[in-house]
Each structure stands twice: as C-alpha cells, then as structure tokens.
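Structure first, then comments.
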Amino acid sequence: MNEPSCNNLPEPLVTRFAPSPTGALHVGGARTALYNWALARQRGGRFILRIEDTDVRRSTPEATLGILRDLAWLGIDWDEGPSLESADPLDAAGQRGERGPYFQSQRQMRYREYLQQLIDAGRAYKCFKTPAELDADRKRARAEGQPEKDDATESLNLSPEQISRYQAEGRPYVYRFRMPDTDITVHDLVLGEVTIRAEELEDFVIFKSSDAGGGPTFHFANVIDDAAMGVTLTLRAQEHLMNTPRHAALFDALGLDRPAWAHVPLIFNPDGSKMSKRDKAKAVRTAAKKWLEADSANSTAALAAQIGLPTARIEAFVRGESDDLELATALGESLGVKVPEIDVADFRANGYLPEVLCNYLALLGWNPGGDVERFDRAFLAEKFSIERIGRSSARFDRDKLFRFNADTIAAMPFEQYRDLLHAHFRMYRPEFLAKLEGDRFDLFARAYHPRSRTLDEPAELARYLFIEDDQLTYDAKAVTKVLHKNEGEGLKVLRELEQALTACESWMPESLEAAVSAFAKDHGLGMGKVAQPLRVALTGTTVSPGIGDTLALLGRERALVRLQRCQAQCAQAVG
RNA sequence: GACCCCUUCGUCUAGCCAGGUCCAGGACGUCAGGUUUUCAUCCUGAAAACACGGGUUCGAAUCCCGUAGGGGUCGCCA
C-alpha cells in the first residue's frame, strides 16, 4: 500500500449517495451518505441523491420513499434528487436539480447512447454465453487456481453470420465491455494506490439481456451518471473496491474524467459477521425454533393464529426458505424477542435520536483526533476529513450508541424531551398516547425524562400504567420481599397508608411525595419501607418513578383502587 | 482457491506519516466501592491492548521484510 494522497480534494466538490431501493436504509449506507454530505457541506460543494434502480425486479417505491425519509430524519439533506416536498418524489417532476432525472430507470435512453459509442469504438460486444456455461467456466478456473475470468475469445470471434443466426433463434445475449489489456491503478484517497493486473480483470457485462430486463448494469449506469451529474468524488463502501478498476476503465473508454475515489471500511456486527438485514430474520428464526422445541404444544399453527399470517408462510420462514421481514417483525413481537436494529428505521422506532445516530455512525470509521467523541452534524461538516478515515472495518457497538443516546436525552431541556417523546409516541405508541390525555402527558414526561435512555423506553417501563387496574399482576418475588417479609410489615404499612392517602387533599407529585415522606417519618420508618410496598401495590413491581410521580400518574381513584386490590390479592397466607 | 484491503485494551479508537516526552491516552462495556425511596442517574477507583517473528537504529506501537489472523471481491445485485 502506498501513502494515501489526500488533502487535494477535487474542486468543485460534488459528492453523491446512490442507494439501490431494494430495502430500508442500512446504517452502513447512512454512514456513507453522512460522509458524502459532510464533505460537500464543508467545501461548499453539491451533494446529490441518486436512486440506482437498475434492477427493476428488486426495486420498490416503498423502499425509495423509506430511504428518502430516513435520510431526511437523520438531517442529511441533499441538493439534487427526488424531493420529499413534492407531491410525488418518485415522479420526474418531483425532483430538484438540473442534471436529473435522478432515478436510473428514468435515464434509459442515455445509457443506450453510450453503449452505441462503445460498440462503435469496438469496446463493447455481444456475448451469447448462457449462465450455465459461465458457471461451468468459473468453476473450472477456480479448480485450476486461476482467476475466475471469462475468456472473451469465443464471443469476440463470433462471425457476423453466427451472431445473426443466434439472434434469429432468439438466443438472449448481453453486452460486455472490452477491458484494456493493461494493469489498472486506482488512486484511492483512503487506501492509497491500488493496482490490479490486467489478467485479473474480465470483460464484464454492461448491458443485461432482454430476459433480465435489458437495461444497463450497475457498473455502466453508475459511471455514466456520475459523469453526467458532474460527480467529482465517489466515496463508498469498501465492498466496491474491486469494482473500481472496471469503472476506471469505463470512464477512460468513454472519454470521461475519472472522479476521485475513497473507499470506507465496512461495519460489522459485534460478533464480527457482516451486518446485514438478514440478521433480523436470523434472530427471529432462532427464537422461533427454540420456542417450537420447548414445548410440544407449541406449533407453527399456534403462531399463525397469534399473528394472523398463514401457517405455510411461517413454516417456510422457520425452515429458512425466506427472510420475510414483515413476518419476522410480527413473529419477533409475538415471541418477545428483540430483533436487532440494522436499519436506520429500526433505531428510529426504538427511540434513538437522529443526531446521536449520526454522531455514533460518524465515529465508526472516523474521528476528529484527540479525545473528542461527542459532536453534532455542524461539527462533522466542519471537521470531517478523508485523511482521518480509518482503514480497518469496525464493529457496531450498541452499548456505546445507547449510552450516547441516554446522555443526550438526559442533557436536553425538559420541554424538548417532552416534545420529542410526544412525537415518538404519536408515531410508534399511539395506543399509549391515547391514555395520556391533557396535562397527564406532561406529568408522564416529567416522571420519565430522568429514566429515559431512549424515547421508547418509557413505553416499556410504564406498562403498569397502561393496563386496567384489575389486570395488574404482582411479581411474586416483590410480594414476598416487600409485603410478606417480617410478618407482613409491608401489608401493614399499606393498610395505614391507605387511610393517610385517602385523606390527601392534593393529588400532585410534590404533595404526595411529601405525604408519603411524612408518613414514613411519623411511623419511624425509612422511606424504603414505605415507598416499596406502595410501589408493589401500584405497579406490581419494585420499579417505577419517584413514588409521588407514580401516585400522581395513576390518579387518585386508580391509585386507591390498586391499594385496596393489592391488600386483597396479596394477603399473606396464614400459617 | 485467486486477487485486493486490514491488524493498539472485550469494542470504537488517540498516538504512527515527521522513531525517544507511551512501563501507551480517551470512550463504551466490565469489576469494586459510595450517594439515592425502587429504577434510572451521579461520584470514586480498578482490571484491560501495541498479532507474531526478524531487521534498521543508541532507541520502534511508530520505519522495512516475512508469518499468522481477519475482512472484501470473484453475479445479466448494487
């Protein structure tokens, strides 16, 4: 490896993020977008969002929209591309920028022109080889320890007569690009100089056969669009490194200027495996199998009934024949397994803050030097530099992201937290929000702000609040320890407390807190001896916000009902 | 297997390019104490790494070579 030749970024700087809309925005993709965005912002350049939907069979409008929304949510704005403000961002009319359209599916004619240019120059040719033939060739090459490279001789030597005969027979064919027979060196801003020898590079497909959709391949469309849109720096994941010599050759053959390249390391799971959307399905599948084996009464039919999806679909999923995400999500919820967060949308749904995700993601592969770790987008746009991008892959540490998120929430003003929590609940917990009308929500937010490490955590922590009084169950350990121990001293406290609380005129957190505190003092008890039994009576567990807050949240009526009910249900068995 | 990239605490990393100030610093996690009505916090402290082997040098985490290990690519996916 040679020294990366940095510090000489192209001018003007035009970067882009070019996702393929075949699924949700992955955190790795988000980081790539963030780096491109930061660079463009820093240098007063342009940042383009282009949708690479050359694979018509796998691209979906939902995925496109999802990616757009996730980027916007992260605070990554783009200068050109589909516009979320428009009536229909998917339509050519709903895009901003002068070099559109920004969907490759809407740029088909351009690719044909360039294809013709290559054909005329003798740099593109038809290849009639079938996938099976190709596969056999590759297997053979591998067995011989040779590079898996398609031998172009056969296709190149096809006579015009043979070609017309094949076409008359309706045999599908592709166009391949004739690679130069020289070594190709790429100057990468992160990795330095990378050279691939000519014999390692095969003539790759640039135009698909009609039975595969017939359009340009990623390589071809990508190169042409980068040039057409004036992209001067291509920063992307390192999995593209081996594509770069091909792209370089394509730029050269087309007479287009090569952009600068920068390949960033990949992001992995904590166990070192590649972080992929499939991990979600995998986690659920493992849990499902375990559940099915745990009890002979457990069956896929039972699961199907629970989540309302066909048994056959579940069986196929469990057997690993599909990674159906919709099903995985439903199944995960029903089985109570935590589906790992992989996509930006997962982190959003689980209550992570966009600026925190950006901060953490930026740090995964880059750092400003010294001991600085916490920063916002503006800082990133100011300080980001390619020189400081790491060269080795990183593992995604959820604990650290979690702590960043917790600290950020803790540090924010209450009003901000309340508004964010409200927005989160409106979107992801509407059933809970419905039970927190009026100033009750304020009370709730105030009680949970200090113990909210994600915006979603309060929903989990306050389950006791959202269920009916007569549905409350009591944690057995808590009952034994807090109510029954020492000859039922907890129950005794409850009895006396009931009277004291009934007499309470004001049902506000502060006055309730004071009342309980006064009660403890009067009875010569520590606060714990009083608050804990009360907590168990109110929530069924030993965990809740401050006791004043907990009482206030429940409201006078419900709190007193629960107090009575607990005494009735948890009365110590005599003997 | 072929080609390409990478290698500092469990994890993310600073330090490396301009060798000594590094018996290696920070963060998350872990462990031990302490504060607190539970939880969540908060405070104090601790354990924890230069992959290995050669070389260059007065001196190497830092430079060179090799080995091992990890990863990526090898699709009419992107």
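Not measured: the values here are computed from a predicted model. Throughout, a chain's letter reflects where its sequence line sits, starting with A, and its residues are numbered from 1.
- In the set B:C4, B:C76, B:C28, the nucleotide with an atom closest to the side chain of A:M242 is B:C4.
- In this structure, A:R57 reaches the sugar-phosphate backbone alone: every heavy-atom distance under 4.0 Å involves primed, P, OP1 or OP2 atoms, never a base.
- Checking B:U57 for Watson-Crick or G-U wobble geometry (two distances, each under 3.5 Å) identifies no partner in any strand.
- Put simply, the side chain of A:R391 and the base of B:C5 share no donor and acceptor less than 3.5 Å apart.
- A donor-acceptor contact under 3.5 Å links the side chain of A:R535 to the base of B:U37.
- Across all strands shown, B:A18 forms no Watson-Crick or G-U wobble pair with both key distances under 3.5 Å.
- Looking at the side chain of A:L266, the nearest of the listed nucleotides B:G72, B:A27, B:U38 is B:G72.
- With sequence neighbours excluded, the residues forming a salt bridge (Lys or Arg N to Asp or Glu O under 4.0 Å) with A:E373 are A:K400, listed by chain and number.
- Distance from the side chain of A:V194 is smallest for B:C4 among the nucleotides B:C4, B:A2, B:U41.
- Ion pairing between a basic and an acidic side chain is recognised when a charged N comes within 4.0 Å of a carboxylate O; A:K139 and A:E144 show no such pairing.
- The gap from the P atom of B:C76 to that of B:G71 amounts to 25 Å, rounded to the nearest Å.
- In this structure, B:C74 and B:G1 make a Watson-Crick or G-U wobble pair, each of the two defining distances being under 3.5 angstrom.
- Minimum atom distance to the side chain of A:R197 is reached by B:C4, of the listed B:C4, B:C76, B:C28.
- Rounded to a whole angstrom, the distance from the C1' atom of B:A61 to that of B:G19 is 10 Å.
- Ion pair A:D53/A:R58 not flagged as a salt bridge, since none of the NZ, NE, NH1 or NH2 atoms sits closer than 4.0 Å to an Asp/Glu carboxylate oxygen.
- Taking the P atom of each, B:G26 and B:C17 are spaced 22 Å apart, rounded to whole Å.
- The base of B:C76 sits with one of its N or O atoms less than 3.5 Å from a complementary donor or acceptor on the side chain of A:S209.
- Picking from B:C5, B:A40, B:U13 the nucleotide with the shortest atom distance to the side chain of A:Q238 gives B:C5.
- Between A:F396 atom CZ and B:C28 atom P the separation is 16 Å, expressed in whole Å.
- B:U36 makes up no base pair with any nucleotide shown, lacking Watson-Crick or G-U wobble contacts both under 3.5 Å.
- One can place NZ of A:K129 at 12 Å from P of B:C76, the figure rounded to the nearest angstrom.
- Checking B:C28, B:C76, B:C6 against the side-chain heavy atoms of A:L191 singles out B:C6 as nearest.
- Taking the six-membered ring for Trp and thresholds of 30 and 60 degrees, A:Y175 and A:Y173 have ring planes more than 60 degrees apart, a perpendicular arrangement.
- Taking atom CG on A:N367 and atom P on B:G26, their separation rounds to 15 Å, with Å as the unit.
- Under the salt bridge (Lys or Arg N to Asp or Glu O under 4.0 Å) criterion, A:R140 pairs with A:D137, sequence neighbours left out.
- With a 3.5 Å ceiling on both atom-pair distances, the Watson-Crick or G-U wobble partner of B:A27 is B:U11.
- At the heavy-atom level, A:N243 lies under 4.0 Å from base atoms of the strands shown.
- On the C1' atoms, B:C23 is 25 Å away from B:U44, given to the nearest whole Å.
- The base of B:G72 lies outside donor-acceptor range of the side chain of A:E239, with no N or O pair under 3.5 Å.
- Taking the P atom of each, B:U35 and B:G72 are spaced 49 Å apart, rounded to whole Å.
- Rounded to the nearest Å, the gap between the P atom of B:C50 and that of B:C12 is 16 Å.
- Note on A:R178 versus A:D203: salt bridge recorded, some NZ/NE/NH1/NH2 to OD/OE distance being below 4.0 Å.
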